[in-house]
Amino acid sequence: MKILLLEDDILLNEIIEEHLQNKGYQIISVYSGDEAEALIYSQKFDLFLFDVNVPVINGFDLLK
C-alpha cells in the first residue's frame, strides 16, 4: 500500500514514516500542502494521511 504522508513537524513525520514502513507500507513524505498537491496529480496513492495545519495549502483544502 502506497501512502502520501503530509506532516510539517519533522520529528513527527519521521516517527510516523518509520512506524508505517516497519508495518510494510510504502511512504512518500512531504512537509507542505503544495508539495502534496504536486504529488497527488503525478502519482497514484492508496491512502492520504494529512495533517490539517500545514504551510501553503491545509489538509482539508487538499481533500476537496
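What you see below is based on every heavy atom in this structure, not just the backbone, and it leaves out hydrogens, waters and symmetry mates. These numbers come from a predicted model, not from an experiment.
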In terms of heavy-atom contacts, E7 and N13 come closest through O-ND2, 3.0 Å
Please determine whether the number of non-hydrogen atoms from other residues, nucleotides or ligands lying under 6.0 Å from atom CZ of F48 exceeds 12.
yes
Throw together a table of side-chain donor-acceptor distances under 3.5 angstrom for residues 57-64, partners on residues two or more places apart or in other chains.
from	atom 1	to	atom 2	distance (Å)
N58	OD1	F60	N	2.9
N58	OD1	D61	N	2.8

Rounded to the nearest 0.5 Å, the CD1 atom of I40 sits from the CD atom of E35 at a distance of 11.5 Å
Minimal heavy-atom distance between G33 and L6, with the atoms involved, is N-CD1, 4.0 Å
| said: Between I28 and F45, is the side-chain contact (heavy atoms from CB on, under 4.5 Å) condition met? List the steps. | reply: CA-CA 9 Å; I28 306 295; F45 294 94; 3.7 Å; yes
Between I3 and L12, is there shared hydrophobic-cluster membership here, with clusters defined by ILVMFWY side-chain heavy atoms closer than 4.5 Å?
yes
Exactly one candidate in L5, L39, D8 meets side-chain contact (heavy atoms from CB on, under 4.5 Å) with V30; the answer is L39
*Residue Q21 excluded, over 12 heavy atoms near CD under 6.0 Å*: yes
Next item on the list: Please answer: with hydrophobic residues joined when any side-chain heavy atoms are less than 4.5 Å apart, are Y25 and I15 in the same cluster?
Entry: no
Taking every heavy atom of K2 against every heavy atom of K44, the minimum-distance pair comes out as CD-O, 3.3 Å
* Asked: Do V52 and F50 share a hydrophobic cluster (ILVMFWY, side-chain heavy atoms under 4.5 Å, transitive)?
  -> no
Between the NE2 atom in H19 and the CD atom in E14, the distance rounded to the nearest 0.5 Å is 15.5 Å
With side chains defined as the heavy atoms from C-beta onward, is the minimum distance between L20 and L49 less than 4.5 Å?
yes
